[in-house]
Amino acid sequence: MSLNVESPVVSTASAPQPLRLIDDTGHAVTDDAGGFTLPDPVTLLGLYRQMVVARRFDVQVTALTRQGRLATYPSALGQEACEIAAVASLDPGDWLFPTYRDSIALLTRGVKPEHILASFRGEWHSGYDQYEHRIAPQATPLATQALHAVGLATASKLKRDSTVALTLLGDGATSEGDAHEAFNFAAVWQAPVVFVVQNNQFAISVPLDKQMRCRTIADKAIGYGMPGFYVDGNDVAAMYAVTSAAVDRARTGGGPTLVEGLTYRMEAHTNSDDPSRYRTAGDVDVWRRRDPIERLETYLVSIGALSDRERAGIRDEAEDLAAATRDCMTLPVQADPLELFDHVYATPRPALAEQRAFLAAELAEHAALAGHTAPPPVSTPSGAPA
């Protein structure tokens, strides 16, 4: 007996065209863009630099994973416009709530590569100081961080400060109950939070049309009573304009906004995934021609805002970062198993203390048998929680 209970549904509502300010060919859009205007050339050049640097980092980390230097890594290749625009729209005092795929967002907000990659290397759950960078730990469970973002945003509203929380989600995460609860609470409480959904069209191997029947994810905002925007997620200009407006709206008491960026996951879900089982190379090639970096580069060159010299300088910066990332990942990992018991409770529980003592004795016994007098030294990432 089949467990597939889907019924064929013929939809009469076609999806709208996503909002864009620069089209696939790198030309400014002259049609109505919902009241949003193209950011100035200086801003766009800064976004271009950040995307180029972020992509080189992502490609380098993927290569390191394939070499076995990292346990796993979820690439964001092709999704740079969504993540860079989201980070660029925030003030330094605002909070970012990322997922496991949003490492380039952390990089753009100032987290060092070795601290970003500590969790993927198995050193720390989160190798950076969350309070220093105003970034919550990268969430692996789907949509759980959305509720945390709403909680922090609500606290901000109660304290009457101007902090905004922005959380990044994937399309698959919007099928989770936590996402529904986050959207609903945010709207009811009018919390200063922005939900940026990177619709890369696959929840691992499940395409969007197997998850939901609505035209767009942005349409869901209507049911919660908040604005929703359907944006070309490979157009960083449009993503920045819409997300910045949503952040400003939240900061001035206008409540939450849902921004859907239509994009594509060029690489596999993670290094353990085989995307050829659920999508074709032809589909990937179509989206490769919609590359967010090439699109913006074409536009900047056409208006004289990007010279060959500037382009070369940005690429040199990206290569320097890639080299530094390789260097930090060649250093040996020196982890202390006893750290598993640190930072669990403010006041240690007797049962946990007993388990820690048991493990410490076992480690000491193994060290003695191996001819050592003490456990190996502990390497703690600089900036990690103490």
**Q** Can you name the nearest heavy-atom pair linking A238 to V231, along with the distance?
**A**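 Closest approach of A238 to V231: CB-CG1, 3.7 Å.
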
**Q** Hey, what's the ring geometry for H269 with Y100, parallel, tilted or perpendicular (30° and 60° as the breaks)?
**A**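 Geometry flag for Y100 against H269: perpendicular rings.
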
**Q** Can you name the residues that form a side chain to side chain donor-acceptor pair (under 3.5 Å) with D31, not counting sequence neighbours?
**A**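 Once residues adjacent in sequence are excluded, D31 has no partner under the side chain to side chain donor-acceptor pair (under 3.5 Å) criterion.
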
**Q** Does the side chain of T263 pick up a donor-acceptor pair with the side chain of N200 at under 3.5 Å?
**A**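 No - no donor-acceptor pair under 3.5 Å links their side chains.
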
**Q** Are a donor atom and an acceptor atom from the side chains of Q130 and S126 found within less than 3.5 Å of each other?
**A**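 Q130 vs S126: donor-acceptor pair found between side chains.
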
**Q** I need the single residue from Q211, Q198, R265 that forms a side chain to side chain donor-acceptor pair (under 3.5 Å) with D171. Which is it?
**A**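 Of all the options given, the one that passes is Q211.
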
**Q** Would you indicate whether the side-chain heavy atoms of C214 and K220 approach each other to under 4.5 Å?
**A**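 Yes; the side chains approach each other to less than 4.5 Å.
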
**Q** Please walk me through it: do Y48 and Y299 pass ring pair (Phe, Tyr, Trp, His ring centres under 6.0 Å)?
**A** CA-CA 11 Å; Y48 171 79; Y299 174 75; over 10 Å; no

**Q** Report the C-alpha distance between E80 and V236 in whole Å, list the side-chain angles of each, state the deciding distance to 0.1 Å, and finish with yes or no for side chain to side chain contact (heavy atoms under 4.5 Å, CB included).
**A** CA-CA 8 Å; E80 295 88 358; V236 72; over 6 Å; no

**Q** Can you tell me how the ring of F202 sits relative to the ring of Y278, calling it parallel under 30°, perpendicular over 60° and tilted otherwise?
**A**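 Tilted.
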
**Q** We want to know whether T144 and D178 form a side-chain donor-acceptor pair, criterion being a heavy-atom distance below 3.5 angstrom.
**A**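 Checked: T144/D178 side chains show no N/O donor-acceptor pair below 3.5 Å.
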
**Q** Is it true that D285 and R288 have a side-chain N and a carboxylate O under 4.0 angstrom from each other?
**A**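 A salt bridge is present here (some side-chain N lies under 4.0 Å from a carboxylate O).
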
**Q** Should the pair W95 and F97 be assigned to parallel (<30°), tilted (30 to 60°) or perpendicular (>60°) ring geometry?
**A**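 The rings of W95 and F97 sit tilted, inter-plane angle from 30° to 60°.
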
**Q** So which atom in P275 and which in D273 form the shortest heavy-atom distance, rounded to 0.1 Å?
**A**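 P275 and D273 have their closest heavy atoms at CD-O, 3.5 Å.
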
**Q** Would you call R279 and D283 a salt bridge, using N to O less than 4.0 angstrom?
**A**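 Salt bridge absent between R279 and D283.
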
**Q** Salt bridge between R251 and D91, side-chain N to carboxylate O under 4.0 Å?
**A**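 Yes, R251 and D91 are salt-bridged.
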
**Q** Distance only, no hydrogens: is a donor on one side chain within 3.5 Å (strictly under) of an acceptor on the other, for T163 and D94?
**A**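 No - no donor-acceptor pair under 3.5 Å links their side chains.
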
**Q** State plainly whether the residues D24 and R295 are in salt-bridge range, i.e. N to O under 4.0 Å.
**A**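 Counted as a salt bridge, because a side-chain N and a carboxylate O are separated by less than 4.0 Å.
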
**Q** Specify the closest pair of heavy atoms between Q190 and G254, including all atoms of both residues, with the distance to one decimal.
**A**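 Nearest heavy atoms, Q190 then G254: OE1-O, 3.4 Å.
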
**Q** Determine, step by step, whether H27 and I22 satisfy the side chain to side chain contact (heavy atoms under 4.5 Å, CB included) criterion, reporting the C-alpha distance in whole Å, the side-chain angles of both residues, the deciding distance to 0.1 Å, and the verdict.
**A** CA-CA 5 Å; H27 293 89; I22 300 175; over 6 Å; no

**Q** Are any of the side-chain heavy atoms of T62 and N271 separated by less than 4.5 Å?
**A**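 A side-chain contact is absent here, since even the closest heavy-atom pair is not under 4.5 Å.
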
**Q** Do R55 and E319 sit within salt-bridge range, that is, some charged N less than 4.0 Å from a carboxylate O?
**A**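 So R55 does not pair with E319 through a salt bridge.
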
**Q** Would R311 and D316 satisfy salt bridge (charged side-chain N to carboxylate O under 4.0 Å, His left out), going step by step from the backbone distance to the final call?
**A** CA-CA 9 Å; R311 183 162 41 191; D316 287 345; over 6 Å; no

**Q** Under 4.5 Å between side-chain heavy atoms, counting indirect links through other Ile/Leu/Val/Met/Phe/Trp/Tyr residues: same cluster for I293 and W287 or not?
**A**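 No: no chain of side-chain contacts under 4.5 Å links I293 to W287.
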
